[in-house]
Number of protein chains: 2
Amino acid sequence: MGKYHHGDVRNVLLQKAETILTEEGPTGLSLRRLARMTGVSEAAPYRHFDGKDGILAAVAIAAFERFAEQLESVAANVAHHEERIMKLGAAYVGFAVENPQHFRLIFGRERPPLDQYPELRDAADNAFDVLQRAVTSVDRKAEMTLTEAATAYNRALAAWSRAHGIAMLVIDGMIVPPADQELGDFVLGLLAEDLTAPSDL
Amino acid sequence: MGKYHHGDVRNVLLQKAETILTEEGPTGLSLRRLARMTGVSEAAPYRHFDGKDGILAAVAIAAFERFAEQLESVAANVAHHEERIMKLGAAYVGFAVENPQHFRLIFGRERPPLDQYPELRDAADNAFDVLQRAVTSVDRKAEMTLTEAATAYNRALAAWSRAHGIAMLVIDGMIVPPADQELGDFVLGLLAEDLTAPSDL
DNA sequence: TTTCTTATGTTAACTAAGTTAACATTAATG
DNA sequence: CATTAATGTTAACTTAGTTAACATAAGAAA
(Lines give C-alpha, C1' and ligand atoms only; values in the text may rest on other atoms or scores of the structure.)
Protein backbone atom coordinates (compact mmCIF):
# COMPACT_ATOMS: atom_id res chain seq x y z
CA MET A 1 0.00 0.00 0.00
CA GLY A 2 1.12 3.45 -0.81
CA LYS A 3 0.99 5.13 2.58
CA TYR A 4 4.38 3.87 3.67
CA HIS A 5 7.38 6.02 2.89
CA HIS A 6 6.76 9.70 2.66
CA GLY A 7 9.58 10.48 0.35
CA ASP A 8 11.28 13.17 2.37
CA VAL A 9 10.43 12.60 5.98
CA ARG A 10 13.68 13.99 7.31
CA ASN A 11 13.17 17.40 5.81
CA VAL A 12 9.53 17.55 6.74
CA LEU A 13 10.45 16.69 10.34
CA LEU A 14 13.09 19.40 10.41
CA GLN A 15 10.67 21.89 8.99
CA LYS A 16 7.98 21.11 11.55
CA ALA A 17 10.58 21.07 14.30
CA GLU A 18 11.47 24.63 13.33
CA THR A 19 7.84 25.61 13.59
CA ILE A 20 7.31 24.02 16.98
CA LEU A 21 10.55 25.44 18.31
CA THR A 22 9.64 28.93 17.19
CA GLU A 23 6.33 28.68 19.00
CA GLU A 24 7.23 26.80 22.13
CA GLY A 25 10.95 26.55 22.53
CA PRO A 26 13.22 23.56 22.96
CA THR A 27 11.37 22.12 25.93
CA GLY A 28 8.02 22.27 24.20
CA LEU A 29 9.36 20.37 21.24
CA SER A 30 8.26 16.80 21.77
CA LEU A 31 9.35 14.11 19.36
CA ARG A 32 6.06 12.32 19.69
CA ARG A 33 4.07 15.42 18.89
CA LEU A 34 6.42 16.19 16.06
CA ALA A 35 5.86 12.73 14.65
CA ARG A 36 2.10 13.01 15.00
CA MET A 37 2.08 16.41 13.33
CA THR A 38 4.13 15.05 10.48
CA GLY A 39 1.72 12.17 10.09
CA VAL A 40 4.32 9.56 10.73
CA SER A 41 4.83 6.95 13.42
CA GLU A 42 6.18 8.03 16.77
CA ALA A 43 9.39 6.12 16.32
CA ALA A 44 10.12 7.32 12.80
CA PRO A 45 12.15 10.40 13.82
CA TYR A 46 14.71 8.09 15.37
CA ARG A 47 15.53 6.77 11.92
CA HIS A 48 16.58 10.22 10.82
CA PHE A 49 17.95 11.83 13.94
CA ASP A 50 19.95 10.82 16.92
CA GLY A 51 17.01 11.31 19.29
CA LYS A 52 15.84 14.64 20.55
CA ASP A 53 19.31 16.09 20.86
CA GLY A 54 19.94 15.14 17.27
CA ILE A 55 17.02 17.19 16.06
CA LEU A 56 17.88 20.10 18.31
CA ALA A 57 21.44 19.98 17.02
CA ALA A 58 20.25 20.11 13.44
CA VAL A 59 18.02 23.08 14.17
CA ALA A 60 20.76 24.79 16.15
CA ILE A 61 23.22 24.41 13.30
CA ALA A 62 20.84 26.11 10.93
CA ALA A 63 20.23 28.84 13.49
CA PHE A 64 23.94 29.47 13.98
CA GLU A 65 24.36 29.76 10.24
CA ARG A 66 21.61 32.31 9.87
CA PHE A 67 22.95 34.20 12.86
CA ALA A 68 26.47 34.32 11.44
CA GLU A 69 25.18 35.40 8.03
CA GLN A 70 23.26 38.31 9.47
CA LEU A 71 26.19 39.50 11.56
CA GLU A 72 28.53 39.10 8.63
CA SER A 73 26.35 41.12 6.32
CA VAL A 74 26.29 43.99 8.80
CA ALA A 75 30.00 43.84 9.43
CA ALA A 76 30.79 43.81 5.76
CA ASN A 77 28.89 47.02 5.17
CA VAL A 78 30.34 49.25 7.84
CA ALA A 79 33.92 50.34 7.33
CA HIS A 80 34.41 52.49 10.40
CA HIS A 81 35.62 50.43 13.30
CA GLU A 82 33.70 51.83 16.25
CA GLU A 83 30.57 52.20 14.19
CA ARG A 84 30.89 48.62 13.09
CA ILE A 85 31.05 47.39 16.67
CA MET A 86 27.91 49.30 17.54
CA LYS A 87 25.96 48.19 14.49
CA LEU A 88 27.05 44.64 15.10
CA GLY A 89 25.74 44.80 18.62
CA ALA A 90 22.43 46.09 17.37
CA ALA A 91 22.26 43.29 14.81
CA TYR A 92 23.10 40.79 17.53
CA VAL A 93 20.23 41.97 19.67
CA GLY A 94 18.01 42.22 16.61
CA PHE A 95 18.49 38.55 15.84
CA ALA A 96 17.74 37.61 19.43
CA VAL A 97 14.54 39.63 19.49
CA GLU A 98 13.33 38.32 16.17
CA ASN A 99 14.28 34.73 16.91
CA PRO A 100 14.20 34.43 20.69
CA GLN A 101 13.77 30.68 20.75
CA HIS A 102 16.57 30.08 18.32
CA PHE A 103 18.75 32.47 20.23
CA ARG A 104 18.04 30.65 23.45
CA LEU A 105 18.62 27.33 21.75
CA ILE A 106 22.07 28.22 20.51
CA PHE A 107 23.22 29.88 23.72
CA GLY A 108 21.27 28.15 26.47
CA ARG A 109 21.79 24.89 28.24
CA GLU A 110 19.18 23.11 26.14
CA ARG A 111 21.69 23.19 23.35
CA PRO A 112 23.07 19.70 22.76
CA PRO A 113 26.69 19.39 23.92
CA LEU A 114 29.11 20.76 21.34
CA ASP A 115 31.50 17.89 21.74
CA GLN A 116 28.85 15.40 20.69
CA TYR A 117 27.95 17.19 17.49
CA PRO A 118 31.04 18.29 15.56
CA GLU A 119 29.03 20.13 12.95
CA LEU A 120 27.34 22.06 15.71
CA ARG A 121 30.68 22.99 17.17
CA ASP A 122 31.85 24.16 13.74
CA ALA A 123 28.76 26.27 13.28
CA ALA A 124 29.27 27.84 16.70
CA ASP A 125 32.94 28.50 16.14
CA ASN A 126 32.22 30.07 12.83
CA ALA A 127 29.65 32.45 14.30
CA PHE A 128 32.09 33.58 16.98
CA ASP A 129 34.78 34.03 14.39
CA VAL A 130 32.59 36.38 12.44
CA LEU A 131 31.98 38.33 15.59
CA GLN A 132 35.59 38.49 16.59
CA ARG A 133 36.86 39.41 13.18
CA ALA A 134 34.38 42.22 12.93
CA VAL A 135 35.19 43.58 16.36
CA THR A 136 38.92 43.13 16.22
CA SER A 137 39.67 44.34 12.71
CA VAL A 138 41.52 41.12 12.29
CA ASP A 139 42.91 42.18 8.96
CA ARG A 140 45.77 43.71 10.87
CA LYS A 141 46.20 40.99 13.43
CA ALA A 142 49.63 40.10 12.11
CA GLU A 143 50.90 43.58 12.82
CA MET A 144 49.79 43.58 16.45
CA THR A 145 51.99 43.13 19.43
CA LEU A 146 50.84 40.66 22.04
CA THR A 147 49.60 43.44 24.26
CA GLU A 148 47.67 45.00 21.44
CA ALA A 149 46.12 41.68 20.56
CA ALA A 150 45.06 41.19 24.18
CA THR A 151 43.53 44.64 24.23
CA ALA A 152 41.68 43.97 21.04
CA TYR A 153 40.42 40.68 22.39
CA ASN A 154 39.16 42.39 25.50
CA ARG A 155 37.33 44.94 23.43
CA ALA A 156 35.70 42.12 21.55
CA LEU A 157 34.63 40.42 24.75
CA ALA A 158 33.29 43.65 26.18
CA ALA A 159 31.27 44.36 23.07
CA TRP A 160 29.99 40.84 22.93
CA SER A 161 28.97 40.78 26.59
CA ARG A 162 27.02 43.97 26.32
CA ALA A 163 25.08 42.89 23.30
CA HIS A 164 24.47 39.50 24.82
CA GLY A 165 23.25 40.97 28.08
CA ILE A 166 20.86 43.32 26.38
CA ALA A 167 19.60 40.50 24.19
CA MET A 168 19.01 38.21 27.13
CA LEU A 169 17.32 40.76 29.33
CA VAL A 170 15.09 41.92 26.51
CA ILE A 171 13.92 38.49 25.38
CA ASP A 172 13.38 37.45 28.97
CA GLY A 173 11.22 40.49 29.50
CA MET A 174 13.39 42.05 32.18
CA ILE A 175 14.07 45.09 30.04
CA VAL A 176 11.18 46.49 28.06
CA PRO A 177 12.44 48.59 25.16
CA PRO A 178 10.61 51.90 24.84
CA ALA A 179 7.75 51.71 22.39
CA ASP A 180 8.42 55.13 20.93
CA GLN A 181 11.86 54.24 19.67
CA GLU A 182 13.36 51.89 17.12
CA LEU A 183 14.81 48.87 18.87
CA GLY A 184 18.08 49.41 17.04
CA ASP A 185 18.40 52.97 18.28
CA PHE A 186 17.61 51.91 21.82
CA VAL A 187 20.32 49.28 21.69
CA LEU A 188 22.81 51.66 20.14
CA GLY A 189 22.13 54.04 23.00
CA LEU A 190 22.84 51.41 25.59
CA LEU A 191 25.97 50.23 23.85
CA ALA A 192 27.29 53.77 23.70
CA GLU A 193 26.99 54.43 27.43
CA ASP A 194 30.39 54.89 29.00
CA LEU A 195 30.20 53.90 32.64
CA THR A 196 33.68 55.15 33.37
CA ALA A 197 32.57 58.71 32.76
CA PRO A 198 31.28 60.66 35.77
CA SER A 199 27.53 60.63 35.96
CA ASP A 200 27.17 64.43 36.04
CA LEU A 201 23.93 63.97 37.90
CA MET B 1 2.91 3.36 63.52
CA GLY B 2 5.61 5.92 63.81
CA LYS B 3 6.96 6.15 60.29
CA TYR B 4 4.19 8.40 59.06
CA HIS B 5 4.67 12.13 59.35
CA HIS B 6 8.21 13.31 59.27
CA GLY B 7 7.68 16.34 61.37
CA ASP B 8 9.01 18.90 58.95
CA VAL B 9 8.67 17.50 55.47
CA ARG B 10 8.27 20.85 53.81
CA ASN B 11 11.60 22.15 54.96
CA VAL B 12 13.39 18.93 54.25
CA LEU B 13 11.96 18.95 50.74
CA LEU B 14 13.07 22.51 50.19
CA GLN B 15 16.52 21.71 51.47
CA LYS B 16 16.93 18.70 49.22
CA ALA B 17 15.49 20.65 46.32
CA GLU B 18 18.26 23.21 46.82
CA THR B 19 20.82 20.45 46.70
CA ILE B 20 19.46 18.86 43.56
CA LEU B 21 19.06 22.21 41.87
CA THR B 22 22.64 23.17 42.64
CA GLU B 23 23.89 19.96 41.10
CA GLU B 24 21.61 19.53 38.16
CA GLY B 25 19.60 22.61 37.52
CA PRO B 26 15.87 23.15 37.26
CA THR B 27 15.29 20.53 34.61
CA GLY B 28 17.12 17.85 36.55
CA LEU B 29 15.00 18.48 39.59
CA SER B 30 12.35 15.80 39.53
CA LEU B 31 9.61 15.75 42.13
CA ARG B 32 9.59 12.00 42.23
CA ARG B 33 13.29 11.77 42.81
CA LEU B 34 13.05 14.52 45.37
CA ALA B 35 10.38 12.57 47.20
CA ARG B 36 12.39 9.38 47.09
CA MET B 37 15.49 11.12 48.37
CA THR B 38 13.51 12.61 51.19
CA GLY B 39 12.15 9.20 52.07
CA VAL B 40 8.59 10.19 51.50
CA SER B 41 5.89 9.11 49.09
CA GLU B 42 5.95 10.43 45.55
CA ALA B 43 2.80 12.42 46.01
CA ALA B 44 3.75 14.00 49.30
CA PRO B 45 5.41 17.11 47.82
CA TYR B 46 2.07 18.10 46.37
CA ARG B 47 0.75 18.59 49.88
CA HIS B 48 3.36 21.25 50.52
CA PHE B 49 3.91 22.85 47.17
CA ASP B 50 1.89 23.80 44.18
CA GLY B 51 3.53 21.20 41.99
CA LYS B 52 6.94 21.56 40.45
CA ASP B 53 6.55 25.26 39.76
CA GLY B 54 5.66 25.78 43.39
CA ILE B 55 8.93 24.31 44.56
CA LEU B 56 10.91 26.16 41.94
CA ALA B 57 9.20 29.37 42.99
CA ALA B 58 10.13 28.81 46.62
CA VAL B 59 13.74 28.15 45.70
CA ALA B 60 13.80 31.12 43.36
CA ILE B 61 12.48 33.43 46.05
CA ALA B 62 15.27 32.41 48.38
CA ALA B 63 17.79 32.87 45.59
CA PHE B 64 16.53 36.34 44.77
CA GLU B 65 16.83 37.29 48.39
CA ARG B 66 20.41 36.13 48.69
CA PHE B 67 21.23 37.83 45.42
CA ALA B 68 19.76 41.11 46.56
CA GLU B 69 21.55 40.91 49.90
CA GLN B 70 24.91 40.42 48.28
CA LEU B 71 24.41 43.29 45.88
CA GLU B 72 23.13 45.50 48.65
CA SER B 73 26.12 44.81 50.87
CA VAL B 74 28.49 45.81 48.07
CA ALA B 75 26.54 48.91 47.20
CA ALA B 76 26.38 50.02 50.80
CA ASN B 77 30.14 49.91 51.14
CA VAL B 78 31.21 51.92 48.14
CA ALA B 79 30.50 55.62 48.26
CA HIS B 80 31.95 56.71 44.96
CA HIS B 81 29.34 56.47 42.24
CA GLU B 82 31.30 55.14 39.28
CA GLU B 83 33.26 52.79 41.48
CA ARG B 84 30.04 51.50 42.97
CA ILE B 85 28.66 50.65 39.55
CA MET B 86 31.77 48.71 38.71
CA LYS B 87 31.95 46.82 41.97
CA LEU B 88 28.28 46.06 41.71
CA GLY B 89 28.81 44.56 38.29
CA ALA B 90 31.60 42.41 39.62
CA ALA B 91 29.41 41.24 42.48
CA TYR B 92 26.62 40.49 40.02
CA VAL B 93 28.88 38.28 37.96
CA GLY B 94 30.36 36.79 41.12
CA PHE B 95 26.98 35.61 42.28
CA ALA B 96 26.27 34.09 38.89
CA VAL B 97 29.55 32.22 38.81
CA GLU B 98 29.21 30.91 42.34
CA ASN B 99 25.55 29.98 41.95
CA PRO B 100 25.08 29.34 38.26
CA GLN B 101 22.01 27.19 38.65
CA HIS B 102 20.30 29.66 40.92
CA PHE B 103 21.21 32.47 38.61
CA ARG B 104 19.74 30.60 35.68
CA LEU B 105 16.67 29.78 37.69
CA ILE B 106 15.89 33.36 38.58
CA PHE B 107 16.59 34.78 35.12
CA GLY B 108 15.84 31.97 32.73
CA ARG B 109 12.62 30.68 31.30
CA GLU B 110 12.43 27.81 33.78
CA ARG B 111 11.49 30.36 36.35
CA PRO B 112 7.80 30.02 37.20
CA PRO B 113 5.75 32.91 35.84
CA LEU B 114 5.97 35.96 38.08
CA ASP B 115 2.27 36.68 37.85
CA GLN B 116 1.43 33.32 39.34
CA TYR B 117 3.62 33.74 42.39
CA PRO B 118 3.25 37.19 43.94
CA GLU B 119 6.00 36.57 46.48
CA LEU B 120 8.31 35.67 43.65
CA ARG B 121 7.44 38.87 41.87
CA ASP B 122 8.13 40.84 45.04
CA ALA B 123 11.49 39.16 45.48
CA ALA B 124 12.39 39.94 41.89
CA ASP B 125 11.25 43.54 42.10
CA ASN B 126 13.21 44.03 45.25
CA ALA B 127 16.41 42.73 43.69
CA PHE B 128 16.04 45.08 40.77
CA ASP B 129 15.33 47.95 43.09
CA VAL B 130 18.57 47.34 44.89
CA LEU B 131 20.35 47.35 41.59
CA GLN B 132 18.71 50.49 40.35
CA ARG B 133 19.14 52.43 43.54
CA ALA B 134 22.80 51.59 43.62
CA VAL B 135 23.35 52.55 40.03
CA THR B 136 21.17 55.63 39.99
CA SER B 137 22.11 57.27 43.28
CA VAL B 138 18.43 57.40 43.93
CA ASP B 139 18.86 59.50 47.00
CA ARG B 140 18.72 62.49 44.73
CA LYS B 141 15.95 61.25 42.48
CA ALA B 142 13.60 63.95 43.64
CA GLU B 143 15.94 66.64 42.46
CA MET B 144 16.28 65.24 38.94
CA THR B 145 14.60 66.62 35.88
CA LEU B 146 12.83 64.16 33.66
CA THR B 147 15.71 64.13 31.21
CA GLU B 148 18.19 63.52 33.96
CA ALA B 149 16.12 60.67 35.30
CA ALA B 150 15.96 59.13 31.86
CA THR B 151 19.71 59.42 31.50
CA ALA B 152 20.23 57.84 34.88
CA TYR B 153 17.88 55.03 33.99
CA ASN B 154 19.77 54.38 30.81
CA ARG B 155 23.02 54.21 32.69
CA ALA B 156 21.49 51.65 35.00
CA LEU B 157 20.27 49.56 32.09
CA ALA B 158 23.64 49.74 30.41
CA ALA B 159 25.47 48.67 33.55
CA TRP B 160 23.01 45.91 34.18
CA SER B 161 23.17 44.57 30.63
CA ARG B 162 26.92 44.38 30.67
CA ALA B 163 27.12 42.52 33.92
CA HIS B 164 24.33 40.22 32.84
CA GLY B 165 25.97 39.47 29.54
CA ILE B 166 29.29 38.67 31.11
CA ALA B 167 27.57 36.51 33.71
CA MET B 168 25.65 34.56 31.10
CA LEU B 169 28.53 34.02 28.73
CA VAL B 170 30.81 32.94 31.54
CA ILE B 171 28.45 30.45 33.14
CA ASP B 172 27.53 29.07 29.74
CA GLY B 173 31.20 28.54 29.01
CA MET B 174 31.34 30.85 26.02
CA ILE B 175 33.82 33.13 27.74
CA VAL B 176 36.57 31.50 29.74
CA PRO B 177 38.01 33.93 32.28
CA PRO B 178 41.82 33.92 32.35
CA ALA B 179 43.19 31.62 35.02
CA ASP B 180 45.97 33.99 36.01
CA GLN B 181 43.62 36.74 37.12
CA GLU B 182 41.01 37.21 39.81
CA LEU B 183 37.55 36.87 38.32
CA GLY B 184 36.58 40.20 39.82
CA ASP B 185 39.45 42.02 38.15
CA PHE B 186 38.66 40.41 34.85
CA VAL B 187 35.07 41.56 35.09
CA LEU B 188 36.07 45.05 36.15
CA GLY B 189 38.30 45.22 33.12
CA LEU B 190 35.45 44.31 30.79
CA LEU B 191 33.05 46.70 32.44
CA ALA B 192 35.51 49.54 32.08
CA GLU B 193 35.96 49.16 28.34
CA ASP B 194 34.63 52.16 26.51
CA LEU B 195 33.61 51.11 23.03
CA THR B 196 32.97 54.64 21.90
CA ALA B 197 36.65 55.43 22.17
CA PRO B 198 38.75 54.88 19.05
CA SER B 199 40.53 51.57 19.15
CA ASP B 200 44.04 53.04 18.66
CA LEU B 201 45.07 49.75 17.11
C1' DT C 1 14.24 -11.29 -13.40
C1' DT C 2 15.25 -12.99 -8.86
C1' DT C 3 17.54 -12.40 -4.62
C1' DC C 4 19.92 -10.07 -1.02
C1' DT C 5 20.79 -5.99 1.51
C1' DT C 6 19.98 -1.60 3.24
C1' DA C 7 17.09 2.22 4.33
C1' DT C 8 13.06 3.46 6.22
C1' DG C 9 8.80 2.87 8.44
C1' DT C 10 5.60 0.50 11.94
C1' DT C 11 3.91 -1.45 16.35
C1' DA C 12 4.61 -2.45 21.00
C1' DA C 13 6.88 -2.07 25.04
C1' DC C 14 9.81 0.05 28.89
C1' DT C 15 11.14 3.76 31.81
C1' DA C 16 10.55 8.10 33.98
C1' DA C 17 8.11 12.10 35.09
C1' DG C 18 4.08 15.41 36.47
C1' DT C 19 -0.22 15.22 38.37
C1' DT C 20 -4.57 13.95 40.59
C1' DA C 21 -8.08 11.17 43.07
C1' DA C 22 -9.34 8.28 46.73
C1' DC C 23 -8.13 6.64 50.92
C1' DA C 24 -5.56 6.51 55.66
C1' DT C 25 -3.75 8.47 59.70
C1' DT C 26 -2.36 11.86 62.71
C1' DA C 27 -2.91 16.09 65.46
C1' DA C 28 -5.60 19.43 66.98
C1' DT C 29 -9.86 21.29 68.42
C1' DG C 30 -14.71 21.46 69.94
C1' DC D 1 -14.34 11.68 73.20
C1' DA D 2 -15.85 12.88 68.43
C1' DT D 3 -14.96 15.57 64.62
C1' DT D 4 -12.22 17.88 61.37
C1' DA D 5 -8.25 19.72 58.98
C1' DA D 6 -3.59 18.65 57.77
C1' DT D 7 -0.59 15.55 56.04
C1' DG D 8 0.79 11.00 54.09
C1' DT D 9 -0.03 7.00 51.21
C1' DT D 10 -1.27 4.11 47.18
C1' DA D 11 -2.79 3.71 42.68
C1' DA D 12 -3.82 5.41 38.50
C1' DC D 13 -3.66 8.52 34.24
C1' DT D 14 -1.11 11.12 30.83
C1' DT D 15 2.85 12.48 28.24
C1' DA D 16 7.42 11.88 26.87
C1' DG D 17 12.05 9.74 25.35
C1' DT D 18 13.81 5.64 23.78
C1' DT D 19 14.55 0.98 22.03
C1' DA D 20 13.60 -3.67 20.13
C1' DA D 21 11.41 -6.53 16.91
C1' DC D 22 9.23 -6.73 12.83
C1' DA D 23 7.66 -5.18 7.91
C1' DT D 24 8.21 -3.20 3.53
C1' DA D 25 10.21 -0.68 -0.05
C1' DA D 26 14.15 0.34 -3.28
C1' DG D 27 18.23 -0.66 -5.26
C1' DA D 28 22.36 -3.51 -6.12
C1' DA D 29 24.07 -8.01 -7.25
C1' DA D 30 23.46 -12.48 -9.07
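Protein chains get the first letters and strands the later ones, always in sequence-line order, with residue 1 at the start of each. Side chains are part of it too, since the values below use all heavy atoms of this structure and drop only hydrogens, waters and symmetry mates.
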So, is B/Arg33 close to the C/dT15 phosphate, meaning a side-chain N or O under 4.0 Å from OP1 or OP2?
no
Compare side-chain N and O positions of B/Ser30 against OP1 and OP2 of C/dA16 and report whether any pair is under 4.0 Å apart.
no
Once you apply a heavy-atom cut-off of 4.0 Å, does B/Ile55 come out as touching a base, just sugar-phosphate, or nothing?
nothing
Criterion ring-ring contact (aromatic ring centres under 6.0 Å, His included) on B/His102 and B/Phe107, from CA distance to verdict
CA-CA 9 Å; B/His102 290 79; B/Phe107 283 114; over 10 Å; no
For the pair made of CD1 in B/Ile20 and P in C/dA16, what is the distance, rounded to whole Å?
15 Å
Could you tell me which residues satisfy salt bridge (charged side-chain N to carboxylate O under 4.0 Å, His left out) with B/Lys16, sequence neighbours excluded, listed by chain and number?
none
Salt bridge (Lys or Arg N to Asp or Glu O under 4.0 Å) pairs, two or more places apart, involving residues 48-71 of chain A
none
Under 4.0 Å between any heavy atoms, over every strand shown, what does B/Arg36 touch: base, sugar-phosphate, or nothing? Just pick one.
sugar-phosphate
Just to confirm, is there a sub-4.0 Å distance from OP1 or OP2 of D/dG8 to any side-chain nitrogen or oxygen of B/His48?
yes
Does anything in residues 92-110 of chain B pair up under salt bridge (Lys or Arg N to Asp or Glu O under 4.0 Å), and if so which pairs, sequence neighbours excluded?
A/Arg109-B/Glu110, A/Glu110-B/Arg109, B/Arg104-B/Asp172
Atom CZ of A/Phe49 and atom P of D/dG17 are separated, to the nearest Å, by 14 Å
Check: protein-nucleotides 19-21 of chain C nitrogen or oxygen pairs below 3.5 Å:
{"residue": "C/dT19", "atom": "OP2", "partner": "B/Tyr46", "partner atom": "OH", "Å": "3.4"}
{"residue": "C/dT19", "atom": "OP2", "partner": "B/Lys52", "partner atom": "N", "Å": "2.9"}

According to the salt bridge (Lys or Arg N to Asp or Glu O under 4.0 Å) rule, which pairs have a member within residues 17-30 of chain A, sequence neighbours left out?
A/Glu24-A/Arg33
In whole angstrom, give the distance that lies between atom CG of A/Leu29 and atom P of D/dT18.
12 Å
Tell me, which pairs form a ring pair (Phe, Tyr, Trp, His ring centres under 6.0 Å) where one or both residues lie in residues 56-78 of chain B, sequence neighbours left out?
B/Phe67-B/Tyr92, B/Phe67-B/Phe95
